[in-house]
Amino acid sequence: MCLAVPMKVTAVEGDEIVVELQGVTQRARADLLPDVALGDHVIVHAGYAITVLDEVEAEATLGLFDTLGMPGGSGAGGGDAG
Amino acid sequence: MQVDAFQSRELVEQLTADIARLAPTDQTYKIMHVCGSHEHSLSQWGLRSLLPATVELIAGPGCPVCVCPEHEIREAIAVAERGALLLTYGDMLRVPTRQGSLLDASTRGADVKLVYSAFDAARVAREQPDREVCFFAVGFETTAAPTAALALADPPPNLSILTAHRLTPPAMDLLLRSGEIEIDALVAPGHVSVVIGAESWRSFPDDFGLPTVVAGFEPVDLLLGVRAILQQARDGVAELDNVYKRVVKPEGNPRARAAMDQVFEVENVWWRGLGELPDTGLVLRESMAAVDARQRFGIRFAAAEDELPKGCQCNRVMLGQITPAECGLFRTACHPMQPYGPCMVSQEGTCYIWHQYGGQAA
């Protein structure tokens with residue numbers, strides 16, 4: 001039920017949005033995400049968009065690996081993930 | 001592009017090397033997740049095979065379909081047998097009860113159909129204005145929020161809602177206090193936390209001393225979670241961590257939380273096989289009586305003490321006490337074509353998932 005990947009918002013029509021993933025589009029409700037905007041990537045759950053993907057945080061999470069990958073990193077990083 | 005990065009083989013190898021370095025050498029360390037979709041990812045990607053033998057990643061009560069008690073399924077059957085069109089999520093149709101499943105009821109003439117979204121229920125009800133339509137609303141916080149949105153979006157008068165929603169943090173709290181669940185650390189569910197917020201898990205490190213990490217569903221997400229937990233264990237601390245910050249905020253989704261609070265109140269409910277757990281369920285508030293199926297149809301069944309079929313050990317699987325492979329019925333008397341217990345029905349059920357993917361030993 002909870003496995004959902006981010007889908008791109010291609011249209012906003014009041015409480016409804018159109019989302020797209022790899023060329024497949026579907027309609028979803030935006031009742032729970034009133035500030036959703038065109039171009040956002042959203043997680044859709046049971047037909048309702050529940051959150052907007054934060055691209056900066058996504059990059060930051062992946063960025064953790066740069067420091068860990070450095071010599072002597074030895075897993076002491078993990079960064080301020082809390 | 002984002003998703004691909006979180007499936008990267010290179011990052012997975014890096015994480016598993018870190019995990020191997022951080023893992024305890026002399027004792028088993030038990031990490032529990034409480035999300036059927038986490039179990040799905042773990043099994044589908046074979047991630048357990050990448051963990052050191054001392055790190056056990058076990059499934060907890062993360063399947064809302066599995067814990068939906070018989071009497072609530074019987075309520076749904078009763079509503080359908082009174083002529084209403086009953087709509088529910090697909091996994092619910094085949095869940096066995098001693099009175100049969102919703103699918104069995106449909107073969108006897110009851111009208112039961114599946115929907116993918118709570119909002120489909122409103123659409124179907126508007127298409128059939130002369131007919132009673134009832135949405136059997138099952139799930140944890142992730143589906144409770146859509147149900148709340150449905151109830152607040154001016155539902156048509158012929159639509160009613162039969163709730164069977166459950167709350168994950170208070171249930172885990174009770175099961176840890178009772179000693180039924182014994183673990184060293186917790187992976188908090190990603191999309192439940194999208195709704196209720198990472199901070200909802202604060203008491204698990206603070207009160208129980210469990211390293212607790214909110215994690216997502218890709219291989220890198222889950223291994224990041226395991227690494228963060230083992231790092232805490234190595235440091236001798238128990239903190240709340242969030243490695244799924246790209247979608248989970250500390251406060252969750254405020255609009256969703258407000259909608260849930262407006263529509264539902266917390267009540268004592270039963271979890272199938274786990275008994276009555278106080279303040280772990282959501283029922284419609286009196287102000288929502290107009291859409292409450294239990295009031296509209298005058299149906300309210302009592303819970304039964306023993307709700308699992310004889311010999312079924314779903315309860316012990318859901319508490320992480322045994323793996324599906326340790327149940328004598330697994331893949332013999334109980335398989336997806338003929339599920340004996342609820343954990344073999346749902347795509348979020350641990351037994352179903354282990355059957356599907358081979359179920360690597362924990």
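All chains are named by letter (A, B, ...) in the order of the sequence lines, taking the proteins before the strands, and each is independently numbered beginning at 1.
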If the threshold is 4.0 Å, N to carboxylate O, is there a salt bridge linking B/Arg255 and A/Asp31?
no
Could you tell me the separation between the CZ atom of A/Arg27 and the CG atom of B/Asp120, rounded to the nearest 0.5 Å?
12.0 Å
Considering only heavy atoms and a distance below 4.5 Å, find which of A/Ile50, A/Asp15, A/Leu33 pairs most often with chain B.
A/Ile50
So how far is it from A/His41 NE2 to B/Arg246 CZ, rounded to the nearest 0.5 Å?
12.5 Å
Where on B/Ala259 is there a heavy atom nearer than 4.5 Å to chain A: the side chain, the backbone, both, or neither?
side chain
Before giving the answer on side chain to side chain contact (heavy atoms under 4.5 Å, CB included), spell out for B/Val243 and A/Thr61 the whole-Å C-alpha distance, their side-chain angles and the decisive distance to 0.1 Å.
CA-CA 7 Å; B/Val243 297; A/Thr61 301; 5.5 Å; no
Interchain contact, A/Val52 with chain B, by part (heavy-atom threshold 4.5 Å):
backbone
About how many Å separate OH of A/Tyr48 and OG1 of B/Thr147, when rounded to the nearest 0.5 Å?
8.0 Å
State, to 0.1 Å, how close A/Leu32 and B/Ala149 come at their nearest heavy-atom pair, and which atoms those are.
CD2-CB, 3.8 Å
Got more than 12 heavy atoms from elsewhere within 6.0 Å of CD, B/Glu10?
no
Whatever's closer than 4.5 Å to a heavy atom in chain A on B/Leu150 counts as both
With no hydrogens and no angle check, is any side-chain donor or acceptor of A/Thr51 less than 3.5 Å from a backbone partner on B/Val194?
no
Which portion of B/Phe119 sits near chain A, non-hydrogen atoms under 4.5 angstrom:
both
Contact origin within A/Gln22 toward chain B - heavy atom pairs under 4.5 Å
neither
Counting only heavy atoms from other residues, nucleotides and ligands, does the tally under 6.0 Å from NZ of B/Lys249 exceed 12?
yes
For each of B/Ala145, B/Ala153, B/Ala228, B/Ser346, tally heavy-atom pairs with chain A at distances under 4.5 Å, and name the one with the top tally.
B/Ala145
Rounded distance (nearest 0.5 Å) linking atom CG of A/Leu62 with atom CZ of B/Phe6
3.5 Å
Over all atoms of both residues, closest heavy-atom pair of A/His45 and B/Pro146
O-CG, 3.9 Å
Quick one: what part of B/Val220 sits under 4.5 Å from any heavy atom of chain A, side chain, backbone, both or neither?
side chain
Of A/Asp54, A/Val42, A/Ile43, the one forming a side-chain contact (heavy atoms from CB on, under 4.5 Å) with B/Val247 is A/Ile43
